[in-house]
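One structure below.
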Amino acid sequence: MLTKLKLEWKECIENALKKISALDDIPPLAMAEPPKSELGDVAFPLFSYSKSLRKAPQKIAEDVKAYLLENGHPEGEIILAGAYFNVKLSIENTFKPLYDSVKALGDDYGKNDSLGGKKIMLEFSCPNTNKPLHLGHMRNDSIGESISNILKANGAEVLKVNLINNRGVHICKSMLAYREFGGSETPESTGEKGDHFVGRYYVKFATWAKEWDKKISEAEESGNAELAEELKASHPDLRAQKMLKEWEDGKEDVIDLWNTMNKWTLDGIGESYKNMGISFDKIYYESETYKYGRSEVLKGLEDGVFYRAEDGAVKIDLDEIGLDTKVLLRKDGTTIYITQDIGTAIRRHDDYPFDSLIYVVGSEQAYHFKVLFYILKKLGYKWADELHHLSYGMVNLPEGKMKSREGTVVDADDLLAELENLAKSEIIEKGREALVDDVDKTAHSIALSALNYYLLQVTPSRDMIFDPKKSISFNGNTGPYLEYMGARISSILKKAEEAGLKEECVDPSLLKEDAEKELIKLIAEYPEAVEKAAKDFDPSVIAQHLYSISKTFSSYYHDYQIINAETKEIAKTRLALSSLVLQCLKNGFKLIGVEYLKSM
RNA sequence: GCGCUCGUAGCUCAACGGAUAGAGCGUCGGACUUCGAAUCCGCAGGUUACAGGUUCGAGUCCUGUCGGGCGCGCCA
């Protein structure tokens, strides 16, 4: 509604410019947001016309105004500010249609069809089966889940896929350590979550290997060369390599152990996913996909896309994109990481003929994806142009990088539990137990919302710093703040109902306060935010918009009474406005992993 | 060394090439007999790392310098 009005003005001013200049072809008019509401609701900078019209932009603005006053213009008040032609729209007049629209659409308000009919495959998470999830995974998962919801809200059909990294020498390490030190212990027997249990053995392997190194150097220092050699030959690292070979050969006891431990980890990770509201439509396992790429590469070799180097390895020349060469098959014919990804992408397109495939993967793999996409394009796949690497930055701690060796890795389960405790004590401290139906459930919701909001409010591509102690406060620009606004509005609406007041769009001109106009504007602009978030693959667009709405509303209901407004008519209309704000918040919450609570 | 990326308030983050660079946290000071104070209001805090350039206009684009981060494996 508002957008339509703005566009009407734009067209009208463009016409006026043509008439004034007597030129048919003028550059398109730019549209901007005035910095302050006193300066209007939409701004049209006229600088760029001063050359072709050979007039000062201020003069152009005056001429346009004069022309429009004489020849008519859309609804609104013209405000000239230097070279800016601004318009103050009669916002309150847009309230009625906005109200009807939001009420009719309900939970669908904000959805659009900008990606209508598009099939999009979205890959994210991709955990290893040798350790539990940490903070870095959480950013990945939050972004993945949020982007999925955002794309769907824009009309796309989304298939969320996960690729479980369950093979390789690193997986064998935890297996080996378990076989060496585990005895008969199981997650059941120790009461540990499976992923933490396995992760413990992965850490154990590292210390074991380190001790082994120490033993070797001790033997060398004491001149016992024979012992040193013996130790080297049975080094844990070598044994892990050997185990990988056995795994690939299908040695039964290794496969059994692998199955057992993978299940432990995946059960544990699955529990974390459930706890964090993460889900997938399809799961791929690297133990299967790692075989895919070879035949594709050989086909490419036949077609002359790749070449065989002197030593027998298959390579591609990346000179065209300013890079070196890249090996795709080792000289012994085995595949490497990128070979698998080539095969997997092709296989996926067969499984689900996507229009677009988005990989949510850390920025450190930007090079890998650049090469991967180039290769797929070279192989002649048209859809290679629609592959995207949604690159996100690292999550660092105030002290610097998370380092497993120094034990500074923030565990996902621990962090969530910690936040839940914080939320719970907050509820109890404030004496809100009676207000909420289920304290634990509410605490969980608040914790999760806090975490998701914190991770999503930062533009994905940027590195971010996460202070587990300080950063997750429940005050200020946070998930709980948004939840609180939702709860407050919900509470007001309930109170109104009890008082026999029903929301009604009685007379929009009753909404004459600045804050009210601002709210109408923000609600009207919400669908644009949904569209922009999808276009930019950026959930923070939604987060920012919802924060603006919440902050404006919060300030508004402190300054103005809603239920006890001067007249019943004003009260009803303000209730109508409040209910739109709530609907808008609820719809946006779903896109960024914040839960709506009626009370908290 | 080469490539990518970032440098904005004490801290964490914003800002389609547009007007006086904004929020939150923290500091200080106010507001609960009033629809829920996980709230609100106010003060202070900036030569947007630096130097040039393009433009009517640059935090944003270009070049260079300095400083972070990440890549540059026949690891994944």
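Naming: A, B, ... by sequence-line order, numbering from 1 per chain. Atoms considered below: every heavy atom in the structure, side chains included; atoms not considered: hydrogens, waters and symmetry mates. This is a predicted model, so every value here is computed, not measured.
A distance below 6.0 Å separates the ring centres of A/Y547 and A/Y481.
Candidate nucleotides B/rC56, B/rA76, B/rC16 were compared by shortest atom distance to the side chain of A/R330, and B/rA76 ranks first. Taking the side chain of A/S555 as heavy atoms from C-beta on, and the options B/rG18, B/rC40, B/rA38, the nearest nucleotide is B/rC40. For A/M394, whose side chain is taken as the heavy atoms from C-beta onward, the closest listed nucleotide among B/rC35, B/rU12, B/rC70 is B/rC70. With B/rG71, B/rU12, B/rC75 as the choices, the nucleotide that has an atom nearest any side-chain atom of A/E364 turns out to be B/rG71. Here the side chain of A/H558 is nearest to one of B/rC74, B/rC40, B/rA14, namely B/rC40.
A/Q544 comes within 4.0 angstrom of sugar-phosphate atoms only, judged by non-hydrogen atoms across all strands, and of no base. Nucleic acid contact class of A/A83 (heavy atoms, under 4.0 Å, all strands): none. Residue contacts shown for A/I446 include a base, since a base heavy atom lies under 4.0 Å away. Contact annotation for A/D559: no contact, since no heavy-atom pair falls under 4.0 Å across all strands. As judged by a 4.0 angstrom heavy-atom cut-off over every strand, A/I336 is placed among residues touching the sugar-phosphate backbone only.
Two residues, A/A43 and A/Y557, neighbour RNA chain B, and the one matched to the more 5' nucleotide by heavy-atom proximity is A/A43. Positionally, the nearest nucleotide of RNA chain B for A/P34 lies more toward the 5' end than for the other of A/Y560 and A/P34.
In this structure, A/K532 does not reach the B/rC16 phosphate: none of its side-chain N or O atoms is under 4.0 Å from OP1 or OP2. In this model, the phosphate group of B/rG24 is approached by a side-chain N or O of A/K551 to a distance below 4.0 Å at OP1 or OP2. A/T459 has a side-chain polar atom (N or O) that falls below the 4.0 Å cut-off from OP1 or OP2 of B/rA14. Within the 4.0 Å cut-off from OP1 or OP2 of B/rC40, at least one side-chain nitrogen or oxygen of A/S554 is found. At B/rA76, none of the side-chain N or O atoms of A/Y337 fall inside 4.0 Å of OP1 or OP2 (strictly under the cut-off). For A/Y84 and B/rC56, the shortest distance from a side-chain N or O to OP1 or OP2 is not below 4.0 Å. The side chain of A/N128 places no N or O atom within less than 4.0 Å of a non-bridging phosphate oxygen (OP1 or OP2) of B/rA76. Side-chain nitrogen and oxygen atoms of A/K430 include at least one within less than 4.0 Å of the OP1 or OP2 phosphate oxygen of B/rA38. OP1 or OP2 of B/rA14 lies within a sub-4.0 Å distance of a side-chain N or O belonging to A/R462.
In this structure, A/F47 counts as stacked on the base of B/rG18 under the 5.5 Å centre distance and 30° plane angle limits.
Judged by the 6.0 Å distance and 45° axis criteria, A/R139 is not positioned over the aromatic ring of A/Y392.
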Dot-bracket summary - RNA chain B, pairs being Watson-Crick or G-U whose distances fall under 3.5 Å, with | when paired to another strand = (((((((..((((....[...))))..((((.......))))......(((((..]....))))))))))))....

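Salt-bridge formation is not detected for the pair A/E420/A/K424: no Lys NZ or Arg NE/NH1/NH2 atom is positioned less than 4.0 Å from an Asp or Glu carboxylate oxygen. Taking the charged nitrogens against the carboxylate oxygens, A/E504 and A/K568 have no contact shorter than 4.0 Å, which rules out a salt bridge.
One can find a donor-acceptor pair under 3.5 Å joining the base of B/rA19 and the side-chain atoms of A/N86.
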